[in-house]
Amino acid sequence: MYELENAKAARRRKIMNVIMWVVLLILFILFIFPFLIALLNVFKANADINRFPLALIGPRKGFVTSNFPTAMEKMHFWRVFGNSAIITVSATILTLLFSGMASFVITRNNWVACRLIFALMIASMVIPFQVLMIPIVSIYGGTLNLLNHRLTLILMHTGFSVSMATFMYSGSIKTNIPLELEEAALIDGCTRWQTYWKVVYPLLGPTTATVAIIDAMAFWNDYLLPSLILTKQDLYTIPIATQMFYGSYASDMGCILAALILAMLPILILYLVMQKYIVEGVTSGAVKG
Amino acid sequence: MKRNTTSYKVTQYLMFAGPATVLFCAVVIIPLVYGFYLTFTSWDGISASKPFVGAANYAAAFGDGDFWVALGRTLIYSAIAVILVNVMAFFLFFLVPRGIKGQNFFRAGFFIPNLIGGIVLGYIWQFVFNKAITAIGENLNIGFLKNSWLSTPSGAMACMIIVAVWQYAGYMMLIYVAGFMSVSKSLIEAAQIDGCTQSQATWKVIVPLMRASFVQCLFLTITRCFMVYDVNLSLTNGEPYNSSVMAAMHVYRTAFTNRAFGTGQAEALILFIVCAIVGVTQVYVGRKGEVSA
């Protein structure tokens, strides 16, 4: 009798699992539906996209791959991609260097300046960019005339992200780096600078990975700040170029879809390669923030 | 080495925290203070002089009907989007971590929208709403799908909400999963030994212990929805008839299109304060009843 009950329960659980799996599959298809539609239509000619957006292969002109080379040429893909890559990589490296160093001195000393800057950084994390954009354009565009340089954007990205990164590094230093280790380094004759680079920094690896992933994704996808700083065409990053492209070729849907897919591709490839780290980084970053 | 002299402290501080301090102050602290000053001037963005006008910008901001309409619209949008994002995220969380076959595959798929920038997302969805959904409506002869939702004011709002749910649900799901992982397994076992069924253990033990995750997800979605700009720009660009202009877009237009920088900055500050009040209240209320194990 008891075994029969068990078998019944097991069967019910099995059925529940199948139902859940089906619900999940439907939701999953809904989630990737926009990407599927984009992929479906990017290989069609414009006439087919307009008349038959749901067809697998364009009924009139058939399978077409010309949208990609056309879009790449029109949006200057490699130049734009290069700009995005230079800016993302440099700003990420600077953020990692500067915030790691800052968190070391801030966490290990109870000086007034350290407490003050740390408090300011934490408080500043709630300030949205929209509150700062107008004065930034006014100061750096109007008075100092520093717009339209990649370096300006790189340093600004860094300035915006150091607070969060310093906060995460300092948490990691507090919990993961024993003071005895630094004392041992001091006795062995290390300066504070050497102690940081040779002893502390190598132990901060996981935090460095998390910060790098969160910031690199944010820099790569950012639109508003770059669009205010870089107004010259040859400095455009991928999001700006996409937006401009959409404005000028709104009727050439095939080309636009190709441009959108090209804009997504680098980060999707990165995600496929580093999925585990990205998921971990994004959640732990959010939990700490 | 003398470790207590002022010069030692100053050198140490500058050596380690100098670059971070300078950049942080240059883009956050100085603009914040300067922005506050800007709200008392009338500046057009070009001329060298910034005449002092007292509280005129705040008067202009309070008298700017479009701004308050945009702010109200943002409040409605945020309220609906925040609830739906979190319901969907919790539903996904509830379905996925049960040892289902291919759970990593599903999690990865649900998270993808969050990887892609708002500009690209908005344009892809614009295509979906304008072309794909209307085509489905034509083919299956479903009336309300035949015309693009983006062409009516309430439809455009619904589209913004759909995209927000799609964009953030996977991300919030991951935070719920992380919160669930941090609930100690022994507590769940103890509950089961005490005779809890699986759903009782879920609702009476796990969910209360995940309260911090809820507070955090709500805070993240509230702040993001309030400040939405990229998707707004690419999906609707305020159309039709400026009926989908959210507060952040209105601020942008006041400052950079209409060249009223002082008024724009005053409106930005008001938006920030409203958002901060909502966000902080939520965190305060949420934390008040927090349980810890």
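Only heavy atoms go into these numbers, but all of them, side chains included; no hydrogens, no water, no symmetry mates. Proteins come first, then strands; the chains are lettered A, B, ... in the order of their sequence lines, and each starts at number 1.
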ask   = Does the ring center of B/Trp125 lie less than 6.0 Å from the ring center of A/Phe35?
value = no
inquiry  = Given heavy-atom pairs under 4.5 angstrom as the criterion, report whether the side chain, backbone, both or neither of B/Leu38 touches chain A.
reply    = side chain
key: Under 4.5 Å from a heavy atom of chain A, the part of B/Glu267 involved   = neither
query = Hey, are the side chains of A/Ile117 and B/Tyr13 touching, using non-hydrogen atoms and a 4.5 Å cut-off?
reply = yes
query = Is the shortest heavy-atom distance from the side chain of B/Tyr34 to the side chain of A/Ser138 under 4.5 Å?
reply = yes
Side-chain touch B/Val28/A/Met121, heavy atoms, less than 4.5 angstrom = no
message = Can you tell me which of A/Leu120, A/Thr166, A/Thr158 forms the most heavy-atom pairs within a distance under 4.5 Å of chain B?
response = A/Leu120
request  = Heavy-atom distances under 4.5 Å only: say whether B/Ile119 touches chain A with side chain, backbone, both or neither.
outcome  = side chain
inquiry  = Minimum heavy-atom separation for B/Gly35 and A/Pro135, please, with both atom names.
reply    = CA-CG, 3.6 Å
message = Could you tell me if the side chain of A/Phe160 sits less than 4.5 Å from the side chain of B/Leu23, heavy atoms only?
response = no
inquiry  = Shorter than 4.5 Å, heavy atoms on both sides: which option in B/Leu269, B/Leu233, B/Val251 has the most such pairs with chain A?
reply    = B/Leu233
message = Out of A/Ile136, A/Ile267, A/Leu270, A/Ile261, return the one with the most heavy atom pairs under 4.5 angstrom to chain B.
response = A/Ile136
ask   = Is any side-chain heavy atom of B/Trp166 less than 4.5 Å from a side-chain heavy atom of A/Pro34?
value = yes
query = So do B/Ile112 and A/Phe31 actually touch side chain to side chain, heavy atoms under 4.5 Å?
reply = no
task = Go through A/Phe33, A/Tyr271, A/Phe104, A/Trp193 and name the one with the most non-hydrogen pairs under 4.5 angstrom from chain B.
result = A/Tyr271
inquiry  = Between A/Ile139 and B/Ile30, does the side-chain contact (heavy atoms from CB on, under 4.5 Å) criterion hold? Intermediate values first, please.
reply    = CA-CA 9 Å; A/Ile139 297 171; B/Ile30 294 172; 4.0 Å; yes
query = If you measure from CE on A/Met253 to CD on B/Gln126, what distance do you get to the nearest 0.5 Å?
reply = 7.0 Å
task = Apply side-chain contact (heavy atoms from CB on, under 4.5 Å) to A/Phe129 and B/Tyr229, showing your working.
result = CA-CA 11 Å; A/Phe129 176 70; B/Tyr229 179 77; over 6 Å; no
task = Can you tell which part of B/Ala276 gets under 4.5 Å to a heavy atom of chain A, answering side chain, backbone, both or neither?
result = neither
query = Taking atom OG of B/Ser234 and atom CG of A/Leu260, what is their separation to the nearest 0.5 Å?
reply = 9.0 Å
query = Among B/Phe91, B/Phe127, B/Phe111, B/Tyr37, which residue forms the greatest number of heavy-atom pairs with chain A at distances under 4.5 Å?
reply = B/Phe127
message = Can you tell me which of A/Gln243, A/Met133, A/Met264, A/Met156 forms the most heavy-atom pairs within a distance under 4.5 Å of chain B?
response = A/Gln243
task = Output the distance between atom CG (B/Leu271) and atom CD (A/Gln130), rounded to the nearest 0.5 Å.
result = 7.0 Å
key: Within-4.5 Å side-chain heavy-atom neighbours: B/Tyr252 and A/Leu228   = yes
inquiry  = Evaluate A/Ser124 against B/Phe24 for side-chain contact (heavy atoms from CB on, under 4.5 Å), listing each step before the verdict.
reply    = CA-CA 10 Å; A/Ser124 79; B/Phe24 170 71; 3.3 Å; yes
remark   = In this structure, CZ of B/Phe110 is separated from CD1 of A/Ile32 (nearest 0.5 Å) by 9.5 Å
message = If you compare all heavy atoms of A/Ile134 against all heavy atoms of B/Ala255, which two are closest, and at what distance to 0.1 Å?
response = CD1-CB, 3.4 Å
Which portion of B/Phe226 sits near chain A, non-hydrogen atoms under 4.5 angstrom = neither
key: Heavy-atom proximity to chain A below 4.5 Å, by part of B/Phe36   = neither
inquiry  = Quick check for you: among A/Val162, A/Ile256, A/Val137, A/Val131, which has the greatest number of heavy-atom pairs under 4.5 Å with chain B?
reply    = A/Val131
inquiry  = If we define contacts as heavy-atom pairs under 4.5 Å, which of B/Gln265, B/Met88, B/Met227 has the most with chain A?
reply    = B/Gln265
A/Asn221 and B/Ile116, any side-chain heavy atoms less than 4.5 Å apart = no
key: Straight-line distance of B/Leu32 CG to A/Ile127 CD1, nearest 0.5 Å   = 4.5 Å
